[in-house]
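One structure is given here, and the rest of the page talks about it.
Each ligand, and each atom within it, is numbered from 1 in the order the structure gives. Sequence positions, counted from 1, serve as the residue numbers for this chain.
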Amino acid sequence: MTTLLSQLQPSAQDVLEAAHRLKGMAHRTPVLRSSTADAMLGAQLFFKCENLQRTGAFKFRGAFNALAQLDDAQRERGVLTFSAGNHAQAVALAARLLDMPALILMPENAPASKMAATRQYGAQVATYDPVTEDREAICLRLARERGMTLVPPSEHPHVIAGQGTAALELLEEVPRLDYLFVSVGGGGQLAGSLLAAKAVAPLCRLYGVEPEAGNDGQQSLKAGHIVRIPFPRSTIADGAQAQALGPLTFDIIQREAEGIVTASDVQLMQAMRFFAERMKIVVEPTGALAFAGAQHAGLDIRGARVGIIISGGNVDLSRYARFLAD
Ligand SMILES: *Cc1c(COP(=O)(O)O)cnc(C)c1O
C-alpha cells in the first residue's frame, strides 16, 4: 500500500528545512515591541509581524515551501487551489517565482479587489457558485483533468512546515519565550508553530486563538476528535472561517498545544485600533486574533515573556475604516 504525501505527518526537521528553502524568498519579518501593550497586559510582548510578509500574510511561507518541492513534471502542469483569501495570493506569487502555472478557484462573490490581486500575481482565476457547487469536488475534477497539483491552504505537510517558519524565526530571535499565541483557521499555522517550538523552544507554551463564532478547534480539543461546525458567517475574522481542523493539523495540535482560546469581534476591532494607533501597522481582523486572545482569554500571563504572531494585514480599506471608527 502506498502512503499519499498528503497523509504524511510533518516533523520539526521539516520546519528547519522549510526555513532553509525560504531563505531569500520570504521576508524575515520584524519583531516589534510596544511599552503600552506591555503595560496593558503586565507582560513582555514580542509581535512577529507577518502582516509585513510578501502578499501580506504568513501564507506565502507554506505555499512557497510546498511548490518548491514539486518535481519537473508537476511544475510543468502547474498548481491549483481554492481560496478567496490570503492563500490564493500566496500560491499565485509562489507559482510566479517558481515559473509554473497556477489556477485559483474563487467563489463568484469574492471581492473584485482580491480577484484582481490574484490575477496580478500571474494566476488564472476560475469562479464557482458557493451556494450550489462544492469547491473541493471542482478542484479534484480540475486536478484530474489537467494533471495539476492541488495545494490546500493548511492540510498538507509541506504547507504546515512552511507556516511554522514564522514562529521559528521569532523563537530563535527572542529566547526564553514563556508563551506564544497563534491564530487558528484550518490549523496549519498553529501546527507548524508547534513543530518549530519542539525544535528550538520546547518549554514555550503555545495557545491557538479562534474567533468566538468559529471555535471548531476549541470544541475539537474538548471532544477529543475533530468537530465540524456550520460555516461561521458571523465573524469579521474572514481568514479563520474554517469549519473544521484536518486530520494532520488536529493530530499535532491535540498532542502539542496548551489549548485553544477565543476572541470576540469587538475585541478584534479594539486590537486592530491599537495596532493602527499605537504601533502604526495595518492588521486584518484575523491577524489580530493572537493579540486579542492573549489579552482577553483570562490566562494568567502576567510577568511572562509572550510571543504574538500578527498573521496578516490584508483588509479592504473601506471595511478597515469602519472597523476603526468608534
Ligand atoms: C490563513 C490565515 C489564518 C489561519 O491560518 P490556518 O493555517 O488556516 O490556521 C490566520 N490569519 C491569517 C491572516 C490567515 O491568512
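- The shortest heavy-atom distance from Gly85 to ligand 1 is not under 4.0 Å.
- Phe46 carries Arg33 over the face of its six-membered ring, with the cationic atom under 6.0 Å from the centre and within 45° of the normal.
- Under a 4.0 Å criterion applied to the non-hydrogen atoms of Gly312, ligand 1 contributes the atoms 13 (C).
- Taking a cutoff of 4.0 Å between a charged side-chain nitrogen and a carboxylate oxygen, Asp71 and Arg77 do not qualify as a salt bridge.
- Residue-ligand proximity, Asn86 to ligand 1, at heavy-atom distances under 4.0 Å covers atoms 13 (C), 14 (C), 15 (O).
- Inclusion of Gly239 in the set of residues having an N or O under 3.5 Å from an N or O of ligand 1 is not warranted.
- A cation-pi arrangement is absent between Arg135 and Tyr128, since the terminal nitrogen or guanidinium carbon is not both under 6.0 Å from the aromatic centre and inside a 45° cone about the axis.
- Every atom of ligand 1 with a heavy atom of Thr286 under 4.0 Å away is listed here by number and element: 10 (C), 11 (N), 12 (C).
- Scanning the protein heavy atoms around atom 11 (N) of ligand 1, the nearest turns out to be Ser311 OG, 2.7 Å.
- Contacts between Glu284 and ligand 1, counted as non-hydrogen atom pairs separated by less than 4.0 Å, involve the side chain only.
- In this structure the side chain of Ile236 reaches within 4.5 angstrom of the side chain of Phe323, judged on heavy atoms.
- Of the protein's non-hydrogen atoms, Ser183 OG, 3.2 Å is the one closest to atom 10 (C) of ligand 1.
- Where the criterion is an N or O separation shorter than 3.5 Å, residue side chain and backbone included, Gly185 meets it with respect to ligand 1.
- Taking only nitrogen or oxygen atoms, main chain and side chain alike, Gly188 reaches within less than 3.5 Å of ligand 1.
- Salt bridge status for Arg228 with Asp216: absent, with no side-chain N to carboxylate O gap under 4.0 Å.
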Under the criterion side chain to side chain donor-acceptor pair (under 3.5 Å), I'd like the reasoning laid out for Arg278 against Ser34: C-alpha separation, chi angles, the key distance, then a yes or no.
CA-CA 8 Å; Arg278 309 309 287 255; Ser34 158; over 6 Å; no
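- If you check which protein heavy atom lies closest to atom 8 (O) of ligand 1, you get Gly186 N, 2.8 Å.
- Between Glu173 and Lys48 there is no salt bridge, since none of the side-chain N atoms of the basic residue sits less than 4.0 Å from a carboxylate O of the acidic one.
- When non-hydrogen atoms are compared, ligand 1 lies under 4.0 Å from the side chain of Lys59 (C-beta onward) but not from its backbone.
- Looking only at side-chain heavy atoms (C-beta outward), Met40 and Phe274 come within less than 4.5 Å of each other.
- The distance criterion of under 3.5 Å between nitrogen or oxygen atoms is met by Gln189 with respect to ligand 1.
- Of all protein heavy atoms, the one closest to atom 5 (O) of ligand 1 is Phe58 CZ, 3.3 Å.
- Between Arg255 and Asp251, at least one side-chain nitrogen of the basic residue sits less than 4.0 Å from a carboxylate oxygen of the acidic one, meeting the salt-bridge criterion.
- In this structure, Gly187 has a heavy atom closer than 4.0 Å to ligand 1.
- In this structure, Val184 has a heavy atom closer than 4.0 Å to ligand 1.
- Ring-plane geometry between Phe181 and Tyr207 is classed as parallel, the angle between the planes falling under 30 degrees on a 0 to 90 degree scale with a further cut at 60.
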